[in-house]
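Here the structure is a predicted model, which is why all the values come from computation and not from measurement. Position 1 is the first residue of the sequence, and the numbers go up from there.
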Amino acid sequence: FRKLMILVLLGTLGITATNLAGPWIIRTVIQGIESDLGGQWPIIVRLSLLLLVLYSLRGLFAFATNYSAHWVAWSLVERLRVRMYTHLQRLSLSYYQDKQTGQLMSRIVHDTQHLEPLLAHAVPDVIVNMLLLMGVAVILFSINPALALWTLLPMPFIAGVAYWFGKKARPAFRQAQESMAQLNGLLQDNLVGIKEIQIFTREGREQNRVARGARNYTLDLMHALKLNAIHHPAIEWLGSMGTVVVIFFGGYLALQQAM
(Lines give C-alpha, C1' and ligand atoms only; values in the text may rest on other atoms or scores of the structure.)
Protein backbone atom coordinates (compact mmCIF):
# COMPACT_ATOMS: atom_id res chain seq x y z
CA PHE A 1 0.00 0.00 0.00
CA ARG A 2 2.99 2.29 -0.50
CA LYS A 3 1.30 4.43 -3.16
CA LEU A 4 -1.82 4.90 -1.10
CA MET A 5 0.22 5.83 1.98
CA ILE A 6 2.11 8.41 -0.08
CA LEU A 7 -1.25 9.78 -1.21
CA VAL A 8 -2.39 9.97 2.42
CA LEU A 9 0.79 11.82 3.38
CA LEU A 10 0.46 14.27 0.50
CA GLY A 11 -3.19 14.82 1.39
CA THR A 12 -2.36 15.58 5.02
CA LEU A 13 0.31 18.04 3.91
CA GLY A 14 -2.21 19.72 1.60
CA ILE A 15 -4.82 19.94 4.38
CA THR A 16 -2.27 21.48 6.73
CA ALA A 17 -1.09 24.00 4.14
CA THR A 18 -4.63 25.14 3.31
CA ASN A 19 -5.55 25.38 7.00
CA LEU A 20 -2.58 27.65 7.58
CA ALA A 21 -3.03 29.75 4.44
CA GLY A 22 -6.75 30.44 4.91
CA PRO A 23 -6.49 32.52 8.12
CA TRP A 24 -3.47 34.34 6.69
CA ILE A 25 -5.50 35.49 3.67
CA ILE A 26 -8.39 36.59 5.89
CA ARG A 27 -5.93 38.50 8.06
CA THR A 28 -4.55 40.22 4.97
CA VAL A 29 -8.06 41.26 3.87
CA ILE A 30 -8.90 42.66 7.30
CA GLN A 31 -5.63 44.58 7.48
CA GLY A 32 -6.28 45.98 4.02
CA ILE A 33 -9.75 47.20 5.01
CA GLU A 34 -8.44 48.73 8.25
CA SER A 35 -5.65 50.53 6.38
CA ASP A 36 -8.06 52.11 3.85
CA LEU A 37 -7.18 49.61 1.15
CA GLY A 38 -10.74 48.35 1.11
CA GLY A 39 -11.48 50.67 -1.79
CA GLN A 40 -9.12 48.68 -3.98
CA TRP A 41 -11.80 46.26 -5.06
CA PRO A 42 -9.57 44.14 -7.36
CA ILE A 43 -7.39 43.15 -4.39
CA ILE A 44 -10.44 42.01 -2.41
CA VAL A 45 -11.69 40.02 -5.41
CA ARG A 46 -8.35 38.30 -5.96
CA LEU A 47 -8.00 37.38 -2.29
CA SER A 48 -11.58 36.08 -2.20
CA LEU A 49 -11.00 33.93 -5.26
CA LEU A 50 -7.75 32.66 -3.78
CA LEU A 51 -9.59 31.76 -0.58
CA LEU A 52 -12.25 29.93 -2.61
CA VAL A 53 -9.55 27.92 -4.39
CA LEU A 54 -7.88 27.06 -1.07
CA TYR A 55 -11.13 25.82 0.49
CA SER A 56 -11.88 23.77 -2.63
CA LEU A 57 -8.42 22.22 -2.53
CA ARG A 58 -8.85 21.47 1.16
CA GLY A 59 -12.01 19.53 0.36
CA LEU A 60 -10.21 17.54 -2.36
CA PHE A 61 -7.27 16.84 -0.07
CA ALA A 62 -9.65 15.71 2.69
CA PHE A 63 -11.45 13.32 0.32
CA ALA A 64 -8.21 11.83 -0.99
CA THR A 65 -6.79 11.41 2.51
CA ASN A 66 -9.97 9.97 4.01
CA TYR A 67 -10.73 7.48 1.24
CA SER A 68 -7.13 6.32 0.84
CA ALA A 69 -6.66 5.92 4.59
CA HIS A 70 -9.87 3.87 4.87
CA TRP A 71 -8.81 1.68 1.96
CA VAL A 72 -5.43 0.98 3.55
CA ALA A 73 -6.95 0.41 6.99
CA TRP A 74 -9.64 -2.06 5.91
CA SER A 75 -7.19 -3.89 3.65
CA LEU A 76 -4.82 -4.36 6.59
CA VAL A 77 -7.71 -5.54 8.78
CA GLU A 78 -8.66 -8.02 6.06
CA ARG A 79 -5.13 -9.42 5.94
CA LEU A 80 -4.92 -9.56 9.73
CA ARG A 81 -8.15 -11.56 9.95
CA VAL A 82 -6.90 -14.09 7.39
CA ARG A 83 -3.56 -14.42 9.19
CA MET A 84 -5.28 -14.92 12.54
CA TYR A 85 -7.47 -17.65 11.09
CA THR A 86 -4.46 -19.29 9.44
CA HIS A 87 -2.64 -19.21 12.78
CA LEU A 88 -5.62 -20.78 14.57
CA GLN A 89 -5.60 -23.66 12.10
CA ARG A 90 -2.00 -24.46 13.01
CA LEU A 91 -2.56 -24.61 16.78
CA SER A 92 -2.77 -27.94 18.57
CA LEU A 93 -6.07 -29.44 19.65
CA SER A 94 -5.19 -28.86 23.30
CA TYR A 95 -5.41 -25.10 22.73
CA TYR A 96 -9.13 -25.40 22.00
CA GLN A 97 -10.00 -27.41 25.09
CA ASP A 98 -10.79 -24.35 27.23
CA LYS A 99 -11.64 -21.90 24.41
CA GLN A 100 -15.15 -20.91 23.37
CA THR A 101 -15.95 -20.59 19.70
CA GLY A 102 -17.60 -17.22 20.27
CA GLN A 103 -14.48 -15.86 21.94
CA LEU A 104 -12.31 -16.85 19.00
CA MET A 105 -14.80 -15.36 16.55
CA SER A 106 -14.83 -12.14 18.58
CA ARG A 107 -11.04 -11.97 18.40
CA ILE A 108 -10.97 -12.43 14.63
CA VAL A 109 -13.97 -10.33 13.60
CA HIS A 110 -14.73 -7.83 16.36
CA ASP A 111 -11.36 -6.98 17.87
CA THR A 112 -9.57 -6.51 14.56
CA GLN A 113 -12.08 -3.95 13.31
CA HIS A 114 -10.99 -1.56 16.06
CA LEU A 115 -7.69 -1.14 14.25
CA GLU A 116 -9.51 0.56 11.37
CA PRO A 117 -10.28 3.87 13.19
CA LEU A 118 -6.69 3.96 14.44
CA LEU A 119 -5.22 3.59 10.97
CA ALA A 120 -7.83 5.56 9.03
CA HIS A 121 -8.48 8.44 11.44
CA ALA A 122 -6.06 8.63 14.35
CA VAL A 123 -2.80 8.41 12.37
CA PRO A 124 -3.76 11.02 9.70
CA ASP A 125 -5.25 13.30 12.37
CA VAL A 126 -2.09 13.12 14.45
CA ILE A 127 0.04 13.99 11.41
CA VAL A 128 -2.22 16.92 10.46
CA ASN A 129 -2.36 18.26 14.03
CA MET A 130 1.40 17.98 14.51
CA LEU A 131 2.12 19.75 11.23
CA LEU A 132 -0.51 22.37 12.03
CA LEU A 133 1.00 22.93 15.47
CA MET A 134 4.47 23.38 14.01
CA GLY A 135 3.17 25.70 11.30
CA VAL A 136 1.23 27.85 13.77
CA ALA A 137 4.26 27.94 16.06
CA VAL A 138 6.48 29.17 13.23
CA ILE A 139 3.95 31.89 12.31
CA LEU A 140 3.53 33.00 15.93
CA PHE A 141 7.26 33.16 16.57
CA SER A 142 7.74 35.18 13.39
CA ILE A 143 5.10 37.67 14.55
CA ASN A 144 5.91 37.94 18.27
CA PRO A 145 8.32 35.46 19.94
CA ALA A 146 7.41 36.50 23.49
CA LEU A 147 3.69 36.03 22.96
CA ALA A 148 4.32 32.75 21.15
CA LEU A 149 6.15 31.40 24.20
CA TRP A 150 3.19 32.31 26.41
CA THR A 151 0.78 30.44 24.10
CA LEU A 152 2.82 27.26 24.61
CA LEU A 153 2.23 27.41 28.36
CA PRO A 154 -0.62 24.81 28.37
CA MET A 155 1.39 22.24 26.34
CA PRO A 156 3.03 20.45 29.33
CA PHE A 157 -0.37 20.09 31.00
CA ILE A 158 -1.91 18.73 27.78
CA ALA A 159 0.92 16.18 27.51
CA GLY A 160 0.38 15.18 31.15
CA VAL A 161 -3.35 14.63 30.65
CA ALA A 162 -2.70 12.61 27.48
CA TYR A 163 -0.20 10.41 29.33
CA TRP A 164 -2.63 9.87 32.22
CA PHE A 165 -5.44 8.96 29.84
CA GLY A 166 -3.31 6.47 27.95
CA LYS A 167 -2.21 4.81 31.18
CA LYS A 168 -5.78 4.48 32.47
CA ALA A 169 -7.67 3.86 29.23
CA ARG A 170 -5.67 0.93 27.86
CA PRO A 171 -6.57 -1.56 30.62
CA ALA A 172 -10.14 -0.24 30.76
CA PHE A 173 -10.81 -0.78 27.05
CA ARG A 174 -8.95 -4.11 27.19
CA GLN A 175 -11.31 -5.26 29.93
CA ALA A 176 -14.31 -4.16 27.87
CA GLN A 177 -13.03 -6.22 24.93
CA GLU A 178 -12.60 -9.22 27.20
CA SER A 179 -16.16 -8.87 28.46
CA MET A 180 -17.41 -8.69 24.87
CA ALA A 181 -15.49 -11.87 23.99
CA GLN A 182 -16.99 -13.70 26.98
CA LEU A 183 -20.49 -12.59 26.01
CA ASN A 184 -19.96 -13.72 22.42
CA GLY A 185 -18.68 -17.06 23.64
CA LEU A 186 -21.69 -17.58 25.89
CA LEU A 187 -24.13 -16.67 23.12
CA GLN A 188 -22.36 -18.96 20.65
CA ASP A 189 -22.49 -21.93 23.03
CA ASN A 190 -26.11 -21.33 23.96
CA LEU A 191 -27.30 -20.95 20.37
CA VAL A 192 -25.46 -24.11 19.31
CA GLY A 193 -26.98 -26.04 22.22
CA ILE A 194 -30.40 -24.37 22.20
CA LYS A 195 -32.15 -27.75 21.82
CA GLU A 196 -30.50 -29.12 24.95
CA ILE A 197 -31.38 -25.96 26.86
CA GLN A 198 -35.04 -26.34 25.91
CA ILE A 199 -35.13 -30.07 26.61
CA PHE A 200 -33.75 -29.66 30.12
CA THR A 201 -35.78 -26.43 30.69
CA ARG A 202 -32.68 -24.33 31.42
CA GLU A 203 -34.02 -21.22 29.67
CA GLY A 204 -34.25 -19.14 32.84
CA ARG A 205 -30.75 -20.02 34.01
CA GLU A 206 -29.17 -19.26 30.64
CA GLN A 207 -31.14 -16.03 30.31
CA ASN A 208 -29.69 -14.89 33.64
CA ARG A 209 -26.18 -15.81 32.50
CA VAL A 210 -26.60 -13.83 29.29
CA ALA A 211 -28.04 -10.89 31.24
CA ARG A 212 -25.01 -10.91 33.60
CA GLY A 213 -22.62 -11.08 30.66
CA ALA A 214 -24.37 -8.21 28.88
CA ARG A 215 -24.40 -6.18 32.09
CA ASN A 216 -20.69 -6.79 32.75
CA TYR A 217 -19.86 -5.65 29.23
CA THR A 218 -21.96 -2.50 29.63
CA LEU A 219 -20.33 -1.63 32.96
CA ASP A 220 -16.80 -2.23 31.66
CA LEU A 221 -17.47 -0.23 28.50
CA MET A 222 -19.04 2.67 30.43
CA HIS A 223 -16.01 2.80 32.72
CA ALA A 224 -13.75 3.14 29.68
CA LEU A 225 -16.05 5.72 28.07
CA LYS A 226 -16.12 7.68 31.33
CA LEU A 227 -12.36 8.09 31.10
CA ASN A 228 -12.78 9.13 27.47
CA ALA A 229 -15.45 11.66 28.48
CA ILE A 230 -13.02 13.18 30.99
CA HIS A 231 -10.09 13.24 28.59
CA HIS A 232 -11.56 15.16 25.64
CA PRO A 233 -13.11 18.07 27.62
CA ALA A 234 -9.92 18.36 29.67
CA ILE A 235 -7.80 18.61 26.50
CA GLU A 236 -10.19 21.16 24.98
CA TRP A 237 -10.20 23.22 28.19
CA LEU A 238 -6.41 23.24 28.39
CA GLY A 239 -6.22 24.13 24.70
CA SER A 240 -8.61 27.04 25.19
CA MET A 241 -6.30 28.35 27.88
CA GLY A 242 -3.92 29.22 25.05
CA THR A 243 -6.56 31.61 23.69
CA VAL A 244 -6.97 33.14 27.14
CA VAL A 245 -3.21 33.62 27.38
CA VAL A 246 -3.11 35.28 23.93
CA ILE A 247 -5.92 37.69 24.82
CA PHE A 248 -4.51 38.54 28.25
CA PHE A 249 -0.83 38.95 27.47
CA GLY A 250 -1.43 40.09 23.90
CA GLY A 251 -3.75 42.81 25.18
CA TYR A 252 -1.20 43.81 27.80
CA LEU A 253 1.59 44.03 25.21
CA ALA A 254 -0.67 46.00 22.88
CA LEU A 255 -1.48 48.51 25.63
CA GLN A 256 2.22 48.82 26.37
CA GLN A 257 2.81 49.34 22.62
CA ALA A 258 5.15 46.37 22.65
CA MET A 259 3.55 44.71 19.64
Please name the residue in the list L221, L219, D220 that meets the side-chain contact (heavy atoms from CB on, under 4.5 Å) test with Y217. L221
State the CH2-CG distance between W71 and L119, to the nearest 0.5 angstrom. 15.5 Å
Does L115 belong to the same Ile/Leu/Val/Met/Phe/Trp/Tyr cluster as W74, with side-chain heavy atoms less than 4.5 Å apart forming each link? yes
Would you say I235 and W237 are hydrophobically clustered, going by side-chain heavy atoms of ILVMFWY under 4.5 Å? yes
For the atom pair OG1 (T65) and CG (L9), what is the distance rounded to the nearest 0.5 Å? 9.0 Å
With the side chain counted from C-beta on, respond yes when L51 and L47 share a heavy-atom pair under 4.5 Å apart, and no when they do not. no
L13 vs F61 side-chain heavy atoms within contact, under 4.5 Å: no
Residue pair Y95 / L104: nearest heavy atoms and the distance that separates them: OH-CD2, 4.1 Å
CZ-CG distance between R83 and L76, expressed to the nearest 0.5 angstrom: 9.5 Å
Is there a path of hydrophobic side-chain contacts, each under 4.5 Å between heavy atoms of I, L, V, M, F, W or Y residues, that connects L238 with W164? no
Between V161 and I230, is there shared hydrophobic-cluster membership here, with clusters defined by ILVMFWY side-chain heavy atoms closer than 4.5 Å? no
Going from CZ on R209 to CG on D189, what distance comes out if it is rounded to the nearest 0.5 angstrom? 8.0 Å
Flag the pair M241 / V244 as yes when at least one side-chain heavy-atom distance between them is below 4.5 Å, and no otherwise. yes
Heavy-atom closest pair, residues I15 and A62: CD1-CA, 3.7 Å
Short question: side chain of N208, backbone of G204 - any donor-acceptor pair under 3.5 Å? yes
What heavy-atom pair brings A172 and L227 nearest, and what distance separates the two atoms? CB-CD1, 4.0 Å
Before giving the answer on side-chain contact (heavy atoms from CB on, under 4.5 Å), spell out for L88 and I108 the whole-Å C-alpha distance, their side-chain angles and the decisive distance to 0.1 Å. CA-CA 10 Å; L88 287 174; I108 296 175; 3.3 Å; yes
Pick from R79, R107, M84: which one makes a side-chain contact (heavy atoms from CB on, under 4.5 Å) with T112? M84
What distance do K168 atom NZ and F173 atom CZ have between them, rounded to the nearest 0.5 Å? 14.5 Å
Counting C-beta onward and ignoring hydrogens, is there a side-chain heavy-atom pair between Q113 and E116 closer than 4.5 Å? no
Residues Q188 and M105: closest non-hydrogen pair is OE1-SD, 3.9 Å
Counting C-beta onward and ignoring hydrogens, is there a side-chain heavy-atom pair between R81 and Y85 closer than 4.5 Å? no
Give a yes or no on whether L131 and V138 share a hydrophobic cluster (residues Ile, Leu, Val, Met, Phe, Trp, Tyr; joining criterion: side-chain heavy atoms under 4.5 Å apart). no
When the ring planes of F165 and H231 are compared, do they come out parallel, tilted or perpendicular, using 30° and 60° as the limits? parallel
From CD (E206) to CG (L187), nearest 0.5 Å: 10.5 Å
Should the heavy atoms of other residues, nucleotides or ligands under 6.0 Å from OH of Y67 be counted, would the total exceed 12? no
For residues M180 and N184, determine if any side-chain heavy atom of one lies less than 4.5 Å from a side-chain heavy atom of the other. yes
Test item: V53 and L49 side chains (from C-beta on) under 4.5 Å apart, heavy atoms: no
Nearest heavy-atom contact between V245 and W150 is CG1-O, 3.3 Å
Close side-chain approach of V72 and M5, heavy atoms under 4.5 Å: yes
What do you reckon, is CZ of F248 surrounded by more than 12 foreign heavy atoms closer than 6.0 Å? no
In terms of heavy-atom contacts, A120 and A69 come closest through O-CB, 3.6 Å
